[in-house]
Amino acid sequence: MEEKYKLLTERIAELKREKKAIILAHNYQRSEVQDIADYVGDSVELSRKAAELEDAKIIVFAAVDFMAEIASILNPDKRILIPTRGARCPMAGMLQPELIIDYRKRYPGVPVVLYVNTLAEAKAECDLCCTSANAVEIVKALDSDTVIFGPDRNLAEYVAERTGKHIIPIPREGFCPVHILFSKEEVLRIKEADPKALVLAHPECIRAVREISDYIGSTSQMCRFAEKSDAEKMIIATEVGLIHRLRKENPDKTFIPAYEDAVCVNMKLNTLESIYMALKEERYVVRVPEKLASKAREAIEGMFEVIGRHP
Ligand code: 13P
Ligand code: SF4
């Protein structure tokens, strides 16, 4: 560990013990934040973990707004803290509940599946949630050939390709500002230097990138694939924070970012300093009002039920 982080790390550890706190960090967090977290994972793993943490009094969620909201929805009695109030996922802000209500009127009886990258108000209006790790499985499990799906247009398209179902994207052009930065040309350019390197892509990438990928999955699914694969080099088409975890877990393999500037600035707002202050001052509390939380909880627990049924 770098010397400059030593003192803060010690202080964070003391406060964690004193306050019975747990730190959950998403795979896109800064390296030093991943290194002090109790758990590092993708969005489904972190939501599951948050639901299991019975002894923790405080959960510090080093991620973005919708992920901390999920922790609050699943743990209404715990104190959920987000270290930086401004850490928001722009894609989650692209879908307003009014639009879902409008689509339900336009397509009566068609189920609505929402990616967890949505705010609680939107989740409360859907039938089931999904993550990038299980979107295909969730849509397949539905007893309907047409599904309204949002907010990521690329994930919706990927789900349509994999399930053969008619997917209605909501909104029409929801996207992740980080994942649309990857291009087929750039990936092929990198591959030219290393033709044996495998390409691993997140389903939020555009179709042209997905089409030239050897593996498509959530951030943690990519980690599991990288560990099992015999390939020595892999080109990674997702936010660059994942590279830290991949290198740490696979020191003998080489990971090349598909685009070095693919940085989610919102994820990077959380720092060791802000985590220390969050623990010290017990701020900033994320609490989804119970009326809203109870509806959103049904959609999230519905997802767990489906993926539990189809391991
Ligand atoms: P994962 O669930 O794959 O970690 O993705 C979350 C996310 O925000 C992708 O941009
Ligand atoms: Fe949202 Fe994209 Fe950042 Fe993920 S990488 S949190 S989808 S902006």
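One-based numbering, in listed order, for ligands and for the atoms of each. For reference, positions follow the sequence shown, starting with 1. Scope of the values below: all heavy atoms of this structure, side chains included, with no hydrogens, waters or symmetry mates.
- No donor-acceptor pair under 3.5 Å is formed between the side chain of N266 and the backbone N or O of C89.
- Checking side-chain atoms of D102 against main-chain N and O of E98 turns up no donor-acceptor pair under 3.5 Å.
- Using a non-hydrogen distance threshold of 4.0 Å, M91 does not register as a contact of ligand 1.
- Of all atoms in ligand 1, listed by their number and element, those nearer than 4.0 Å to a heavy atom of S218 are 3 (O).
- Residue contacts with ligand 2 include N117, since one or more of its heavy atoms lies under 4.0 Å from the ligand.
- Using a cut-off of 4.0 Å between Lys/Arg side-chain N and Asp/Glu carboxylate O, R85 and D65 are scored as not salt-bridged.
- Looking only at heavy atoms of the protein, atom 10 (O) of ligand 1 is closest to E204 OE1, 3.0 Å.
- The heavy atom nearest to atom 1 (Fe) of ligand 2, out of those in S43, A87, P90, C89, is found in C89.
- Heavy-atom distances between E204 and ligand 2 reach below 4.0 Å in at least one pair.
- Atoms of ligand 2 lying under 4.0 Å from any heavy atom of Y28, numbered from 1 in the order shown and given with element: 4 (Fe), 5 (S).
- Within a 6.0 Å radius of CZ in R106, other residues, nucleotides and ligands contribute more than 12 heavy atoms.
- Residue contacts with ligand 1 include H26, since one or more of its heavy atoms lies under 4.0 Å from the ligand.
- Which parts of ligand 1 touch H179 is read off a 4.0 Å heavy-atom cut-off, strictly below it: atoms 10 (O).
- Residue contacts with ligand 2 for E239 are absent, since no atom lies close enough (heavy atoms, distance under 4.0 Å).
- Counting backbone and side-chain atoms alike, C264 contributes no N/O/S atom closer than 2.8 Å to atom 1 (Fe) of ligand 2.
- Side-chain atoms of D214 come within 3.5 Å of backbone atoms of V199 as a donor-acceptor pair (strictly under, hydrogens ignored).
- At distances below 3.5 Å, not a single donor-acceptor pair connects side-chain atoms of K248 with backbone N or O atoms of S31.
- Cluster membership check: V288 shares its hydrophobic cluster with F304, using side-chain heavy-atom separations under 4.5 Å among Ile, Leu, Val, Met, Phe, Trp and Tyr.
- The distance from ligand 1 to the heavy atoms of D42 drops below 4.0 Å at these ligand atoms: 1 (P), 2 (O), 4 (O).
- Put simply, the residue from D42, N27, I216, L200 that forms a side chain to side chain contact (heavy atoms under 4.5 Å, CB included) with M222 is L200.
- The shortest heavy-atom distance from N117 to ligand 1 is under 4.0 Å.
- Contact annotation: for T219 versus ligand 1, heavy atoms closer than 4.0 Å belong to both the backbone and the side chain.
- Of all atoms in ligand 2, numbered sequentially from 1 with element shown, those under 4.0 Å from a heavy atom of M91 are 7 (S).
- Checking side-chain atoms of T118 against main-chain N and O of L114 turns up no donor-acceptor pair under 3.5 Å.
- Heavy atoms of S43 found under 4.0 angstrom from ligand 1 belong to the backbone as well as the side chain.
- More than 12 heavy-atom neighbours from other residues, nucleotides or ligands sit within 6.0 angstrom of CZ on R104.
- Heavy atoms of H202 approach ligand 1 to within less than 4.0 angstrom.
- Looking from atom 2 (Fe) of ligand 2 to the surrounding protein, the closest heavy atom is C176 SG, 2.3 Å.
- Under a 3.5 Å cut-off, the side chain of K184 and the backbone N or O of R207 do not form any donor-acceptor pair.
- A heavy-atom separation below 4.0 Å is not found between C176 and ligand 1.
- With hydrogens and angles disregarded, no donor-acceptor distance shorter than 3.5 Å links the side chain of N250 to the backbone of R247.
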